[in-house]
Protein chains: 2
Amino acid sequence: MSPCDTCVVRNRAICAGLDNPEIAALSTMGRRRTVSAGEPLIWEDDDSLLVANVIEGVLKLTTSTADGREQIVGVAYPSDFIGRPFGQTSAASVVALTDARVCVFSRNDFDRFAREHPELEHKLLERTLSELDRTRAWMMLLGRKSAPEKIATFLLDMSDRLADNGCGPHAGPARQFTLPFSRQQVADVLGLTIETVSRQFTKLKSDGVVALPSRRDVEILDRGALQLLAG
Amino acid sequence: MSPCDTCVVRNRAICAGLDNPEIAALSTMGRRRTVSAGEPLIWEDDDSLLVANVIEGVLKLTTSTADGREQIVGVAYPSDFIGRPFGQTSAASVVALTDARVCVFSRNDFDRFAREHPELEHKLLERTLSELDRTRAWMMLLGRKSAPEKIATFLLDMSDRLADNGCGPHAGPARQFTLPFSRQQVADVLGLTIETVSRQFTKLKSDGVVALPSRRDVEILDRGALQLLAG
DNA sequence: GGGAGACCTTGATCGAGATCAAACTCGACC
DNA sequence: GGTCGAGTTTGATCTCGATCAAGGTCTCCC
């Protein structure tokens with residue numbers, strides 16, 4: 001397998017600020033990997049000590065109870081960072097929602113490299129703080145919002161997240177987009193059942209708030225109404 | 001107001017690894033402040049740009065909806081870090097649950113200082129990663145656990161958190177402890193109503209799983225049962 | 001383009017937890 | 001000690017979302 005050069009080039013967020021010799025060093029450590037939709041990102045080492053960068057695609061981070069209930073606790077988009085440097089194994093498991101390409105690093109190598117490159121640690125810190133903010137906002141949704149509010153908030157969030165996937169100028173939220181989630185996965189993000197999600201989608205459609213041209217496609221017809229519903 | 005020297009001494013987590021001149025520089029930036037139970041930690045600057053370290057006491061981080069529903073999205077114990085360096089204002093508001101002492105820094109000063117001291121940024125990163133792990137585990141609770149499971153998980157979590165508040169050798173989880181939360185605040189942590197929390201406490205008491213000598217005091221009688229209930 | 005199966009929608013019913021309402025407890029303060 | 005009031009418990013009822021149970025639809029693959 002060749003060094004994962006494209007991931008360090010594409011992943012501006014992680015690598016910005018490193019000058020060239022440092023990028024070269026990071027690139028020799030990373031290995032590119034593809035993961036098909038539905039496949040887990042299996043950590044190759046026995047000790048489960050890997051970290052990764054998303055190059056392309058969307059992955060979910062989930063935790064489950066012993067009896068099989070699942071909660072999606074995070075979603076990783078291109079340029080996002082996956083894994084848990086500097087500590088015990090993260091409890092979450094990672095599964096690709098779409099075909100994905102990632103750049104994988106051994107955790108030990110990555111940790112050592114990060115310690116030697118403060119600029120990388122700084123980027124990682126900013127990114128982790130942002131993720132924590134987002135996660136806390138989601139706690140509000142899970143603990144206190146009703147099903148209609150959850151669905152509306154979810155659609156607005158997806159609209160924002162899927163807007164700036166490309167590299168162009170920030171174009172604002174997307175009016176139409178393709179969900180990387182099945183109905184069950186939407187339920188697992190929102191702490192609902194698949195039936196409730198389906199009913200809420202149907203209601204939004206019949207109220208003329210959204211159009212649903214296909215199972216995965218969403219077109220927002222009345223953003224104001226969604227924002228009102230989102231609470 | 002004098003430089004906040006005790007906070008940097010006591011807060012090993014933030015300051016470990018900095019050699020003495022650096023500690024001196026940090027200590028000139030921080031100002032000690034006390035906050036009474038129930039009082040918000042009001043950010044003094046107009047632009048709400050402060051960060052802080054907890055020296056003593058417990059504080060809650062909350063988000064609220066427009067119509068007044070509240071969710072506690074984090075709890076800060078001694079040595080924990082509060083605030084949002086390197087970015088826009090965090091959405092959460094901070095209120096002391098007990099009388100508290102904190103060490104406050106101007107965000108700009110702190111940011112600049114952190115950028116110049118990679119060891120501090122590293123500590124901050126480890127801490128933020130741990131907090132993210134904890135927050136994600138809480139998402140599972142909020143999204144997928146039943147009221148009895150939530151209460152049991154909460155009590156076990158409190159037992160762990162309140163155990164190593166002191167500086168002695170790690171003594172394992174506490175068998176009895178004083179909750180820093182009112183019933184309403186427990187409800188706000190767990191995404192329940194106060195009535196449901198009260199009923200679950202009463203049930204655990206009459207089942208002999210816990211003793212409740214006073215409103216705020218808890219004694220765990222049957223930890224195994226709690227762990228079973230926690231799911 | 002036809003069949004199979006995964007995924008999704010819809011309907012009927014149920015129940016956990018919310019809501020509404022009232023009594024009780026405990027500590028603070030006079 | 002008595003009173004006041006916030007905080008808590010307990011009870012009755014209601015409701016939202018879960019659960020149970022069919023159908024329906026899209027897509028993949030031959």
Side-chain angles (χ1 to χ4, degrees), chain A residues 36-39 60 65 67-71 95 97-99 141-154 178-207 210-218 229 231, chain B residues 36-39 60 65 67-71 95 97-99 141-154 178-207 210-218 229 231:
Chain A
S36 302
E39 295 292 319
K60 63 172 181 175
T65 54
D67 61 345
R69 285 170 288 174
E70 180 167 319
Q71 177 69 46
V95 174
L97 295 174
T98 66
D99 290 345
L141 174 141
L142 289 172
R144 292 301 186 197
K145 289 195 177 182
S146 68
E149 287 171 333
K150 284 179 175 179
I151 295 284
T153 306
F154 169 78
T178 299
L179 291 174
F181 300 103
S182 69
R183 291 289 185 268
Q184 180 60 61
Q185 286 158 353
V186 175
D188 290 339
V189 171
L190 298 178
L192 295 171
T193 58
I194 185 175
E195 295 95 331
T196 299
V197 170
S198 180
R199 281 185 243 272
Q200 295 298 330
F201 269 70
T202 302
K203 177 121 204 309
L204 287 178
K205 184 181 178 181
S206 61
D207 289 351
V210 302
L212 303 170
S214 83
R215 284 179 172 180
R216 297 284 187 125
D217 288 314
V218 176
L229 283 170
Chain B
S36 303
E39 295 292 319
K60 64 173 181 173
T65 54
D67 61 347
R69 284 170 289 175
E70 180 167 317
Q71 176 70 46
V95 174
L97 295 175
T98 66
D99 290 346
L141 174 141
L142 289 172
R144 293 300 186 197
K145 289 196 177 181
S146 68
E149 288 172 331
K150 284 179 176 181
I151 295 284
T153 306
F154 169 77
T178 299
L179 291 175
F181 300 102
S182 70
R183 293 287 185 270
Q184 180 60 59
Q185 285 159 353
V186 175
D188 290 340
V189 171
L190 298 177
L192 295 171
T193 58
I194 185 174
E195 294 95 331
T196 298
V197 170
S198 179
R199 281 184 242 272
Q200 295 299 328
F201 270 71
T202 302
K203 177 121 205 309
L204 287 178
K205 183 181 179 181
S206 62
D207 289 352
V210 302
L212 303 171
S214 82
R215 284 180 171 176
R216 296 284 186 123
D217 288 314
V218 177
L229 282 171

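Below, read A as the first sequence line, B as the second, and so on, with proteins coming before strands; counting in each chain starts at 1.
Within the 3.5 Å criterion, the main-chain N or O of B:Arg69 finds no donor-acceptor partner in the side chain of A:Arg144. Not one N or O on the side chain of A:Asp217 forms a donor-acceptor pair closer than 3.5 Å with the backbone of A:Leu212.
Residue B:Gln185 is tested with B:Leu179, B:Val197, B:Ile194, B:Leu97 for a side chain to side chain contact (heavy atoms under 4.5 Å, CB included); the sole match is B:Leu97.
Atoms CG (B:Leu212) and P (D:dG7) sit 19 Å apart, rounded to a whole Å. Residue B:Lys150 contributes atom NZ, which lies 8 Å from atom P of C:dG17 at whole-angstrom precision. The separation between A:Asp217 atom CG and D:dT27 atom C1' is 14 Å, rounded to whole Å. Taking atom CD of B:Gln200 as the reference point, atom P of D:dT8 lies 16 Å away to the nearest angstrom. Taking atom CZ on A:Arg69 and atom C1' on D:dT19, their separation rounds to 14 Å, with Å as the unit. For the pair A:Ile151 CD1 and D:dC16 C1', the computed distance is 14 Å after rounding to whole Å. Rounded to an integer number of Å, the gap from NZ of A:Lys145 to P of D:dC16 is 18 Å. For B:Arg215 and C:dA28, the CZ to C1' distance is 12 Å, given to the nearest whole Å.
Put simply, A:Thr202 has a side-chain N or O that comes within less than 4.0 Å of OP1 or OP2 on C:dT10.
Rounding to the nearest 0.5 angstrom, the gap separating the NZ atom in A:Lys203 from the CZ atom in A:Arg199 is 13.5 Å. For the atom pair OG1 (B:Thr196) and CZ (B:Phe201), the distance works out to 12.0 Å, reported to the nearest 0.5 Å. Separating the CG atom in A:Leu229 from the NZ atom in A:Lys150 is a distance of 15.0 Å, to the nearest 0.5 Å. Taking CZ of A:Arg183 as the reference point, atom CG of A:Asp188 lies at 13.5 Å (rounded to 0.5 Å). In this structure, OG1 in A:Thr65 is found 7.5 Å from CD in B:Glu149, a value given to the nearest 0.5 Å. Considering NZ of B:Lys145 and CD1 of B:Ile151, their distance stands at 12.0 Å, rounded to 0.5 Å.
Considering all non-hydrogen atoms of both residues, A:Gly143 and B:Leu142 come closest at CA-CD2, 4.1 Å.
Looking at heavy-atom distances under 4.0 Å, B:Ser146 makes contact with sugar-phosphate atoms alone, never a base.
Within residues 179-192 of chain A, the residues that place at least one heavy atom under 4.0 Å from DNA chain D are, in residue-number order, A:Gly191, A:Leu192.
End-to-end axis angle for the helix from C:dG1-D:dC30 to C:dC30-D:dG1, using five pairs per end and rounding to 10°, comes out at 50°.
The side chain of A:Ser198 has C:dC8 as its nearest neighbour among C:dC8, D:dG17, D:dT9.
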> After noting the C-alpha distance and the side-chain angles of A:Leu192 and A:Gln200, does the key distance pass the side chain to side chain contact (heavy atoms under 4.5 Å, CB included) rule?
Replying inline: CA-CA 11 Å; A:Leu192 295 171; A:Gln200 295 298 330; 5.7 Å; no
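Comparing A:Val197 and B:Pro148 by the nucleotide of DNA chain C that holds the closest heavy atom to each, the one mapping nearer the 5' end is A:Val197.
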For nucleotides 19-23 of chain C, print each protein N/O atom paired with a nucleotide N/O atom at under 3.5 Å, atom names and distance only.
from, atom 1, to, atom 2, distance (Å)
C:dT19, O4, B:Arg199, NH2, 3.0
C:dC20, N4, B:Glu195, OE2, 3.0

